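Here's the structure, in structure tokens; my notes come after.
Being a predicted model, the structure only gives us computed values, none of them experimental.
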Amino acid sequence: MTTTTTVNPTTGEDLVMYPHHTDVELDQIVDAAHAAFGAWRRRPLKDRTDIVREIGSLLRKRSSDLARLMTDEMGKVIAHGEREIQLCALICDWTADHAAEELADEARPFDGGRAIVSYRPVGIIFGIQPFNFPAYQAIRFSIPQLVAGNAVLLKHARSVWGSALFVEKLYHDAGVPNDLFRTVKISSDQSNELIANPLVRGVTLTGSGQAGSVVAAQAGKYLKKTVMELGSNDAYLVLADADIATAVEVCTTGRIFNNGETCVAAKRFVVVDAIYDAFVSAFVAQLKTVKMGDPNDKATGLGPMARQDLRDDLHEQVRSSIDAGAKLTMGGEIPDRPGFFYPVTVLENVQPGMPAYDDELFGPVASIIRVADDNEAMRVANDSRFGLGGGIISKNVEKAIAMATNEFDTGMININGYNLANPQLPFGGVKESGYGREHGGFGLKEFVNVKSIQVTEVSP
């Protein structure tokens, strides 16, 4: 029997051993999900939204238990876990409130009669999700699909299978039919077989560009619709007129939140020469106040990284950047303590050709890039194969809006703040950061059959 054992990244100790589903069990799960879909798609939309409202209610009631589990499995600071769960509940609220409007049939002009555009569910949607937001990643993609009338299979990261099963039980307790939403404990080979299954009608993945390329190719082979939310090395521009205190607050939060393991984290800090020294001095001073330690302690600002291999890969990226000429301003050494901790690290003199400039550093490492002026700042921000998020810090808000709208080649932009996601706004990126959108009603329509119905009037 194939098994996976989860590990507490704070201590390095084993948590729970989970058996994988066999191929036979997986086939049974798929068949049962398809059968459940046949009934679910015909239930009134209000029934589905009422259940989603109950999911939001249960998330709030069980927040403490789920937050502790996420901390145990991936090292998330407990306060960040509680915030994540509140966002999940808000996603349930927003989706339930707006689904009827978003999915309503639309009347369109049609000569000689009338036309209807109708949005209808298609079947089983397979979601492949990463470790860093165990609740949010599962809920972000699945809630819109369930409301739209689809069935959902979740393949979560192995390191957070306990959280995945917690979400599954919560859904079932709220009234989601047991076979309609399932967590599948499977290997990558089994995942490929699942993508190939004719009953699976769509695939969505949040993860690395490498994983996205593999999954998208496999789905494309079978002509399956996909949504890809991939990595990034988001740039935050600190322009010449930026308020230093605001810039420091935004950039500190944007780099350290969730232990720096966030796809839309602030990662490259592109700072105009006129304020470079003042910003870096204040930024480093603030980062030095961040307490690294037990993520269950409310005073902790930085917990461990989720896995040892992730910590070691990040350290290699830091050392390679230094070998290529980057300046280590703080951090950069693996601490001598149990668990998978990595300190807040600042690199200056970051240049193209270094991992700190070209790649995604998925952890608490800040890459600082000095530029001559605002125009060069935007050029450097766009000098990336990624395009998920980003930020602009400037007292001239209208100028910043114009830059964000017309020049910044990325999917989501913060101005004078750092925000992860909002249920009412689209979430997604461009270039190697993927395609498709979630939230804001967009996720409700990613995996539906957009039907065009043309009615020719017949004289009685």
Derivation of the side chain to side chain donor-acceptor pair (under 3.5 Å) call for Asp294 and Thr300: CA-CA 6 Å; Asp294 182 358; Thr300 296; over 6 Å; no

Test salt bridge (Lys or Arg N to Asp or Glu O under 4.0 Å) on Asp374 and Lys399; report intermediate values, then the result. CA-CA 11 Å; Asp374 295 354; Lys399 175 183 176 180; 2.7 Å; yes

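A donor-acceptor contact closer than 3.5 angstrom links the side chains of Ser384 and Asn233. Side-chain atoms of Asn349 and Gln351 include a donor-acceptor pair closer than 3.5 Å. Between the side chains of Asn296 and Thr71, no donor-acceptor pair of N or O atoms lies under 3.5 Å. Residues Asn8 and Glu73 bring no donor and acceptor atom of their side chains to less than 3.5 Å of each other. A donor and an acceptor atom, one from each side chain of His156 and Thr183, are nowhere located under 3.5 Å apart. Looking only at atom types and distance, the side chain of Gln145 has a donor-acceptor partner in the side chain of Asn150 under 3.5 Å away. Side chains of Glu348 and Tyr276: a donor-acceptor N/O pair is present below 3.5 angstrom, by distance only.
Using a 4.0 Å cut-off between a side-chain N of Lys or Arg and a carboxylate O of Asp or Glu, Lys76 and Glu82 do not qualify as a salt bridge. Ion pair Arg319/Glu316 not flagged as a salt bridge, since none of the NZ, NE, NH1 or NH2 atoms sits closer than 4.0 Å to an Asp/Glu carboxylate oxygen. For the pair Asp273 and Arg370, the salt-bridge criterion is met [side-chain N within less than 4.0 Å of a carboxylate O]. With salt bridges taken as basic N to acidic carboxylate O contacts below 4.0 Å, none links Arg307 and Asp313. With salt bridges taken as basic N to acidic carboxylate O contacts below 4.0 Å, one links Asp173 and Arg62. Comment: Arg140 engages Glu229 in a salt bridge, judged by a side-chain N to carboxylate O separation of less than 4.0 angstrom. Between Lys431 and Asp409 a salt bridge is recorded (basic side-chain N to carboxylate O distance below 4.0 Å).
Around the NZ atom of Lys445, the shell of radius 6.0 Å holds more than 12 heavy atoms that belong to other residues, nucleotides or ligands.
Between Ile128 and Ser191, the shortest heavy-atom contact is CD1-OG, 3.7 Å.
Between Tyr171 and Phe181, the angle of the ring planes lies from 30° to 60°, which puts this pair in the tilted group.
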